[in-house]
Structure formats: C-alpha cells, structure tokens
Amino acid sequence: MEFKHEPIMLNECIENLSIKKDGIYVDGTIGGAGHSSRIIEKIESGLLIGVDRDLEAIAASKKRLEKYENVKFVHGKHEDIKEHVNGLGYEKVDGILLDLGVSSYQIDEGTRGFSYTKDAPLDMRMDQSEGISAKDIVNTYSKEDLEKIFFEYGEEKFSKKIAEKILKAREEKEINTTYELADIIRAAVPKNAIDSFKRIFQALRIEVNGELKGLKKAICDSVSILNDGGRLCIITFHSLEDRIVKETFLELQGKCTCPKDFPKCVCGFKSYGKVITRKPIIPSEAEQESNSRSRSAKLRVFERVI
Ligand SMILES: C[S@@+](CC[C@H](N)C(=O)[O-])C[C@H]1O[C@@H](n2cnc3c(N)ncnc32)[C@H](O)[C@@H]1O
C-alpha cells in the first residue's frame, strides 16, 4: 500500500522552525516525510536527520527523499534523540519537529491492528521489532489495569464495563483480532456510544507504544541539543500529550521565585529558553475541513536561549 499521510499545519511548522540554509534539523517522527520534504527544500548546505520507530515509515521517507544527499535516517525513538544525534557525530542542531502519534498510513494500512474498522491481528506496535502487542495486553492485564488504561488514556466512561466484558470473553477464548475486540466493546456500551471504539483503540495504542512515558525525556533532551535560537515544534493530538508538552515547556522556561520587591533576582532559577506559543496554534478552518484528522491537532513551539 502507498504511504499516504497529509502533513498537518505544514506552513505553520515551517514558519516556526525558521529554517537556515546551513542548519541541521531533526524530524523526530518523519513518517511519510510530509513535513521533511518541505524542510529539506529549504536546507542547502545543511542536514536533515529523520527519525522514526516504524521501519515502514523509514522506508517510505527514504524513497520520497531519495534525490537528496544531505539526509540521514535513524530507526529509533524520538526519546533517544540526543543519542541519535550524537551517534551521527553532531552535538547540537538548529531545529526539531515532533509530530506525535500515528500516521494515516499506519491506521489505514489494514494489517497493523490500529483500526477497529479493519479486521487484523491485534498488534498496534509502531516498532514491530520489539515490545508487547495489544493482544498481549487484552489477554493478560488484570481487570483493574485494563479499566485504568481505558480511563486514563482513552477517557472512556464505559471503561469498567468494557474491562469486565474483556475478562469474560477471554475466559472462553483468546482475543486475537481487532474485530473480536470491537465485538466485545459493542456488547459493553450503548448502541449510540460509537466514540467508545475510537477511545479504547487509542488507549491501547498509547499503552502498547508507551507514548506518554518517553515524551518528557524527548522534550528535555531535544531542548538540550538545540543551538541558541533553535526551535522545538511539537504537534499533539490529544489532551494528555498536550498537557505534558505545555507543562514541560513552562518548566524549561523557568520562573523567578524572588519576592516582587527584590531589586534583582537572587533565586538563581534556570531557564533553557522561552515558550513561543502561549496558546497553541491550531489548524485553519480550511485545513480542518479538508483533513478531519487535523481537527484535534495543536502545535506548541519552544525556543532555546543560551
Ligand atoms: C503523525 S506521524 C508523522 C507524519 C509526518 N510528519 C509526515 O508528515 O509524514 C507520526 C510518526 O511518528 C512515529 N512515532 C510515533 N512515536 C514515536 C517515537 N516515540 N519515536 C519515533 N517515532 C515515533 C510513528 O511511527 C509515525 O510514523
């Protein structure tokens, strides 16, 4: 299947990265190189480093960018960005983009198990070379743990009922496929609760891929390798990710805690730079109209100041 993914807030990302012709830029979630194919057009003597934990994304972006020489690819996680950059022989970079979550390709490609509308083995691993699958989770987690991830990562109000139904179903037989799980959800929720499918699949995907666990490290390590004036742009797709980004940016910006009437700062607070987006940037109405997957997206930007 062709790798199809519409890059979200492309112009807004490019503008905010303020790309220099001779700079080094990292796309920590290169996917189908939607953003990267624009970034690389702007770099002349510079370099683009593309990272993704999904080998199919790496293969697709390599193909899309094959005419360029100044690009290096790394199969790995964005939370290890510092190690990836150092491993290639660089200390600092001039800009980093993280476009979190899954690509349209991963969801639409029928065999990966990300979608409840396509019958496939319950896998959901972005990196199929490691880790536990959604099948392992639904067949081995306790009722309480299932309920907890459905509630915390999916904000699903029928979490308890769905977890109970899963436990009951697996007493009879192992749950192996997306359709089997969808049938269990259907039996646990009212007929009109169609969003429950999306929420449960999202919660499982987040748990399988540890999506929230590495995010703070990814942000702190990214900022630590930025040159003065370099920017980190992050697109999130749900409130849990966005909260981590917003709070970590504020922590990195730092805040003077001296009493207001002190003539100069003595608390010695450390600042790594400034938050550029006090409020997140969201896609234009036209983009939201033409690409429904963009509707929940938020872009936040941090600038390194040394
Ligand atoms: C929304 S897509 C990026 C699409 C890309 N910006 C484009 O325009 O084609 C997210 C990508 O990030 C990858 N990904 C998700 N979590 C990751 C992580 N922790 N480390 C590296 N890549 C990750 C996914 O495999 C997926 O390819």
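In listed order, ligands and their atoms are each counted from 1. Remember, predicted model here, so these are calculated numbers, not experimental data.
- Of the options K198, K148, R199, a salt bridge (charged side-chain N to carboxylate O under 4.0 Å, His left out) to E156 is made by R199 and by none of the others.
- Near G34, with a cut-off below 4.0 Å to any heavy atom, the atoms of ligand 1 are 7 (C), 8 (O), 9 (O).
- For ligand 1 and D99, the ligand atoms under 4.0 Å from any heavy atom of the residue are 1 (C), 2 (S), 3 (C), 4 (C), 5 (C), 6 (N), 10 (C).
- Assignment of G214 to the shell around ligand 1 is not supported, since no heavy atom sits closer than 4.0 Å.
- Distances from ligand 1 to the non-hydrogen atoms of V102 include at least one value under 4.0 Å.
- The atoms of ligand 1 that sit less than 4.0 Å from any heavy atom of G76 are 20 (N), 21 (C).
- Those atoms of ligand 1 that come under 4.0 Å of a heavy atom in I30, given as number and element, are 5 (C), 7 (C), 9 (O).
- Residue G28 places a heavy atom less than 4.0 Å from ligand 1.
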Show, in sequence, the C-alpha distance, side-chain angles and deciding distance for F197 and R186, and conclude whether the side chain to side chain contact (heavy atoms under 4.5 Å, CB included) test is met.
CA-CA 8 Å; F197 295 87; R186 197 169 295 113; 3.9 Å; yes

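- Under 3.5 Å, the side chains of Y141 and E207 contain a donor-acceptor pair of N or O atoms.
- Protein heavy atom at the shortest distance from atom 12 (O) of ligand 1 is T29 CB, 3.2 Å.
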Check the pair L226, I306 against side chain to side chain contact (heavy atoms under 4.5 Å, CB included), reporting the backbone distance first and the verdict last.
CA-CA 9 Å; L226 281 174; I306 295 180; over 6 Å; no

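- Contact of the D22 side chain with the E44 side chain is not registered, since no non-hydrogen atoms from C-beta on lie closer than 4.5 Å.
- Near L100, the atoms of ligand 1 lying under 4.0 angstrom from a non-hydrogen atom of the residue are 1 (C).
- Residues K246 and K298 have side chains not in contact (no heavy-atom distance under 4.5 Å, counting atoms from C-beta outward).
- Between atom 27 (O) of ligand 1 and the options D54, L55, D52, the minimum heavy-atom separation is to D52.
- Between the side chains of D242 and S239, not a single donor N or O lies within less than 3.5 Å of an accepting N or O.
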Between L299 and C233, is the side chain to side chain contact (heavy atoms under 4.5 Å, CB included) condition met? List the steps.
CA-CA 7 Å; L299 167 65; C233 296; 3.9 Å; yes

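- The closest approach between any non-hydrogen atom of Q106 and ligand 1 is below 4.0 Å.
- By the 4.5 Å heavy-atom criterion applied to side chains, F114 and T178 are not counted as neighbours.
- Under a 4.0 Å criterion applied to the non-hydrogen atoms of P7, ligand 1 contributes the atoms 8 (O).
- Applying the 4.0 Å criterion to heavy atoms of K77 picks out, from ligand 1, the atoms 20 (N), 21 (C).
- Interface atoms of ligand 1 facing A33, defined by a heavy-atom separation under 4.0 Å, are 9 (O).
- Evaluated by nearest non-hydrogen atom to atom 15 (C) of ligand 1, the leading choice among H78, H75, M126 is M126.
- Shortest contact from atom 22 (N) of ligand 1 to any protein heavy atom: R53 N, 3.2 Å.
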